[in-house]
Amino acid sequence: MELSEKHIVSLRELLARPRLRIVIVSHTNPDGDAVGSSLAWAEVLRSLGHEVLCVVPNKYPYFLDWMPGIDEVVIFKTDAEGRARQAVEQADVIFCLDFNAISRLEILSETIAANTAARRVLIDHHLQPDAGFDIAFSHPESSSTCYLVYRLVEALYGREAITRRMAELLYVGMMTDTGNFAFSHLTPDLFRAVADLVEKGISIPEIHNNVYNAYTEGRARLFGYAINRKMELIEDGTVAYMSLKENEMRRFQFQQGDSEGFVNYALTIRKVKMSAMFLAHRKFIRISLRSRGDVDVNLFARRYFNGGGHKNAAGGKSYLTMEETIDHYIRSVREFAAEGHLG
Ligand code: 5GP
Ligand code: MN
């Protein structure tokens, strides 16, 4: 991965100004990569003397509660005092981390779009980013935004600038976005970065345990229910889907983040090339898509569900009922297969 020297120079110049008011925003349903990269980048900016606030549209999952500094992240949805709105209105610079289009901020989009004076900097690894950023570090070949932030800090201020605390935060995103170093974009340089984080003193078993072994009993039982009762296979067993309605989620005391990993599980079946999860929200259905190898779910999500993401992990939304959404999925899969996209 090569970072643009021109962009590095522009960013270094921008950050050399004294006492900037900076807001870092990340995507709706923030995950380990979103929160980890935001908090680590915030620390770097604060060490330069800037005033920084991290904002996310809605709550991150509870298994990230232990992350150093997470209490300072302002959740826009429940921000009664309007701290986030005020910080965004007054910001000199807005950093957009781990997403590629302002619309991905959903309830926060309008507020961000309203500040037209701030410089906007994108640091992201999703495919096909929107235009309109003053500086864009868009690297779909990076396995996570955390790895991108690592490389950015290295290029700007050297590896010495990375503290142990930042190392912990960055490791979370590197680990979660690669499915614990099992997916694509696993370059030698990524492992060299991990080695550096280990040298900074992070404990990999501890971080792993904090993130992956911290679920509730309800989540474990919901997982069993979803796999046993709700997983369906179509297209001769090569395509899977699963759905959860609100009453089913309530039955297992569902909390945000509890369905994490469900969609991946169908891909443990040898024949399955593509998997979908439909999760009911109050006003719409959120869709998660995963695939193996050459099957491009970014394309599928863009075409059929008004979404996007990465080649092997993408998502979208549906405003139809659950039954209609599933029908639409099955028909779309058939068309996608007929065009040869499922190999
Ligand atoms: P997840 O299934 O983990 O929520 O999302 C998988 C990937 O797809 C993530 O990288 C996420 O940012 C992206 N993604 C999820 N939903 C949407 C969406 O509605 N629109 C776009 N453009 N990307 C999405
Ligand atoms: Mn990410």
Side-chain angles (χ1 to χ4, degrees), residues 24-41 56-61 63-64 96-109 122-130 137-151 169-180 183-185 190 211 240-244 256-267 274-279 281 283-291 296-319 325 329:
I24 300 174
V25 289
S26 199
H27 59 80
T28 304
N29 294 336
D31 56 11
D33 193 31
V35 175
S37 59
S38 294
L39 287 171
W41 186 236
V56 290
N58 63 338
K59 183 84 170 67
Y60 41 82
F63 52 79
L64 299 179
C96 298
L97 266 63
D98 199 36
F99 67 98
N100 59 359
I102 298 298
S103 63
R104 287 280 289 132
L105 296 174
E106 302 188 6
I107 54 170
L108 177 59
S109 304
L122 178 78
I123 305 177
D124 177 53
H125 69 136
H126 292 87
L127 292 159
Q128 296 142 311
D130 270 5
F137 292 95
S138 168
H139 288 270
E141 76 281 18
S142 177
S143 55
S144 62
T145 299
C146 278
Y147 175 57
L148 193 49
V149 167
Y150 173 90
R151 292 291 304 272
L169 294 164
L170 293 176
Y171 185 76
V172 172
M174 293 184 191
M175 174 182 82
T176 52
D177 262 32
T178 57
N180 215 2
F183 303 153
S184 46
H185 309 300
L190 170 66
V211 173
Y241 67 89
M242 211 184 275
S243 63
L244 288 174
Q256 158 125 15
D258 273 353
S259 59
E260 200 62 42
F262 288 18
V263 66
N264 300 79
Y265 202 79
L267 285 172
M274 174 168 156
S275 165
M277 168 84 190
F278 304 99
L279 203 64
H281 281 248
K283 295 191 184 125
F284 55 86
I285 293 167
R286 203 175 276 286
I287 298 140
S288 277
L289 294 156
R290 299 291 185 272
S291 65
D296 185 350
V297 285
N298 171 55
L299 176 67
F300 186 87
R302 275 175 190 272
R303 238 165 119 181
Y304 302 109
F305 287 102
N306 201 15
H310 312 282
K311 186 175 172 196
N312 296 131
K317 276 189 194 175
S318 160
Y319 292 90
T325 302
Y329 176 71

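Values in this document were obtained by computation on a predicted structure and should not be read as measured data. Residue indices begin at 1 and follow the sequence shown. Counting convention: from 1, in listed order, for ligands and their atoms alike.
With hydrogens and angles left out, the side-chain atoms of N58 and N29 include a donor and acceptor closer than 3.5 Å.
Counting heavy atoms closer than 4.0 Å to ligand 1, residue M277 contributes nothing at all.
Among the atoms of R286, none of the N or O lies under 3.5 angstrom from an N or O of ligand 1. Where the criterion is an N or O separation shorter than 3.5 Å, residue side chain and backbone included, S288 meets it with respect to ligand 1. The shortest N or O to N or O distance between H27 and ligand 1 is not under 3.5 Å. Residue G308 has at least one N or O atom closer than 3.5 Å to an N or O atom of ligand 1.
Seen from the Mn ion (ligand 2), atom OD1 on D98 and atom OD2 on D177 lie at an angle near 170° (rounded to 10 degrees).
Regarding atom 6 (C) of ligand 1, its nearest protein heavy-atom neighbour is R290 NH1, 3.6 Å. Distance from atom 11 (C) of ligand 1 to its nearest protein heavy atom, with residue and atom name: R104 NH2, 3.4 Å. Nearest to atom 18 (C) of ligand 1 among the protein's heavy atoms is G315 O, 3.5 Å. For atom 9 (C) of ligand 1, the nearest non-hydrogen atom of the protein is H126 NE2, 3.7 Å. In this structure, atom 19 (O) of ligand 1 lies nearest to the protein heavy atom G316 CA, 3.4 Å.
Among the atoms of H125, an N, O or S atom falls under 2.8 Å of the Mn ion (ligand 2). At least one N, O or S atom of D33 sits under 2.8 Å from the Mn ion (ligand 2).
Looking only at distances, no side-chain donor or acceptor of S243 sits under 3.5 Å from a matching main-chain atom of F278. The backbone N or O of G315 lies less than 3.5 Å from no partner atom in the side chain of S288, so there is not a single donor-acceptor pair. A donor-acceptor contact shorter than 3.5 Å links the side chain of S275 to the backbone of V263.
Interatomic distance, C96 SG to H27 NE2, rounded to the nearest 0.5 Å: 12.0 Å.
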**OP:** List the steps, then state whether side-chain hydrogen bond (donor to acceptor under 3.5 Å, both in side chains) holds for T145 with S37.
**Re:** CA-CA 6 Å; T145 299; S37 59; 5.0 Å; no

**OP:** Would you please test H125 and D98 for side-chain hydrogen bond (donor to acceptor under 3.5 Å, both in side chains) and show each step?
**Re:** CA-CA 6 Å; H125 69 136; D98 199 36; 3.2 Å; yes

